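Here the structure is laid out as structure tokens; the discussion comes afterwards.
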Amino acid sequence: MTQNLLSPTKIVGYLQNKMIDWKIHCLDTIDSTNNECRRRAAENEGTVILSEEQTAGRGRQGRAWNSPKGKGVWMSLLLKPDLPTETIPQLTLVGAAAVCKAMEKEEGYFPDKIKIKWPNDIFIREKKAGGILTEMQISAGRIESVIQGIGLNVNLAAEDFPDELKALATSFLIETGKVYERERIIADILNHFEILYEKFLVGGELGEALHICRQNSAVIGRQVRLMNNGTETEAEVLDLGPRGELIVKLGNGRITSVISGEISLRIQS
Ligand code: ATP
Ligand code: BTN
């Protein structure tokens with residue numbers, strides 16, 4: 001079957017801003033685009049690695065990320081932010097907000113469909129359609145580079161998911177019946193990302209990105225289970241705090257905030 005391979009020229013043609021000098025690389029196959037980005041970490045900010053497939057795609061905490069050929073957006077951005085290390089997890093929210101904005105104007109997609117399951121999952125109708133993996137390299141206490149991996153199940157059909165993911169995962173195609181031009185989605189994400197990122201760099205606050213994450217939250221107002229190192233806590237999610245932390249009300253009525261770190265969150269049905 002002829003495959004519609006990603007075209008870097010098309011992506012560049014859709015780029016709108018010049019805040020970051022994006023350098024787009026489209027590969028055929030790679031272990032993980034995050035790994036490849038890391039191998040190129042000496043390059044300037046703006047290197048973007050895309051691959052038609054990943055043979056060792058990763059999620060958080062080393063979990064495997066299913067990345068079949070020619071149908072998804074498997075992408076990593078090389079960033080060099082001059083920020084304190086403790087603020088870097090907030091960049092995951094910047095990426096998630098950029099994904100939501102990018103999908104807003106996609107034809108065939110209703111704007112309020114795409115949700116963020118804090119902190120890093122992209123959800124559609126309670127199923128996982130994508131995820132974000134932000135990793136950083138530090139040397140002598142300073143950030144050398146940040147790599148943000150964005151994985152989106154764009155044109156995957158049901159048979160592209162292994163059996164164990166079929167009930168948990170979905171794709172843009174499955175949800176809307178439409179095949180999407182991946183280059184357009186990629187460029188729109190980059191267009192929105194650089195605006196939200198620059199605001200974060202300058203003001204040190206999530207601002208607009210936080211607003212988008214709140215608007216598209218899959219968890220605000222819901223009962224959840226928070227899992228951390230084998231302990232489980234039930235809570236109601238009240239809001240996101242100014243640094244992207246989760247503000248929750250515990251069973252005993254106490255209100256507290258939770259930072260992403262090693263926490264996993266499950267929405268209660
Ligand atoms: P957490 O709440 O900690 O983020 P998670 O179950 O979402 O937990 P992640 O590490 O974020 O885990 O994501 C990896 C998990 O996502 C895998 O263990 C698998 O269950 C699932 N997964 C893998 N590939 C895909 C994919 N292409 N689409 C949707 N889900 C996937
Ligand atoms: C998650 O939900 O845990 C995050 C999934 C991130 C997947 C993307 S695909 C592009 C980049 N390369 C990887 O190996 N992972 C990220």
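What you see is a predicted model, and the numbers here were worked out from it, not measured in a lab. When a ligand or atom number is given, it counts from 1 through the structure's own listing order.
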Distance under 6.0 Å and angle within 45° of ring axis: Lys178 vs Tyr180: yes
Which protein heavy atom lies closest to [atom], and at what distance to 0.1 Å?
atom: atom 12 (N) of ligand 2; answer: Gln54 OE1, 2.8 Å
atom: atom 10 (C) of ligand 2; answer: Thr33 OG1, 3.2 Å
atom: atom 5 (C) of ligand 2; answer: Trp65 CE3, 3.6 Å

Do Ile186 and Val179 share a hydrophobic cluster, counting only Ile, Leu, Val, Met, Phe, Trp and Tyr and linking them when any side-chain heavy atoms are less than 4.5 Å apart? no
Does any N or O atom in Trp74 lie less than 3.5 angstrom from one in ligand 1, N or O only? no
Using a 3.5 Å cut-off on N or O atoms only, is Gln61 in polar contact with ligand 1? no
Give yes if a backbone or side-chain nitrogen or oxygen of Trp74 is under 3.5 Å from a nitrogen or oxygen of ligand 2, and no if not. no
In terms of atom number and element, which parts of ligand 2 are under 4.0 angstrom from non-hydrogen atoms of Lys128? 1 (C), 2 (O)
What part of [X], side chain, backbone, both or neither, has a heavy atom within less than 4.0 angstrom of ligand 2?
X: Asp121; value: side chain
X: Ser67; value: neither
X: Arg63; value: neither

I want to check something: taking the side chain as every heavy atom from C-beta on, are Tyr197 and Ile20 in contact at a cut-off of under 4.5 Å? yes
Could you check whether any side-chain N or O of Glu45 sits under 3.5 Å from a backbone N or O of Lys80, counting only pairs where one atom can act as donor and the other as acceptor? yes
Whether Asn216 side chain and Ile116 backbone form a donor-acceptor pair below 3.5 Å: no
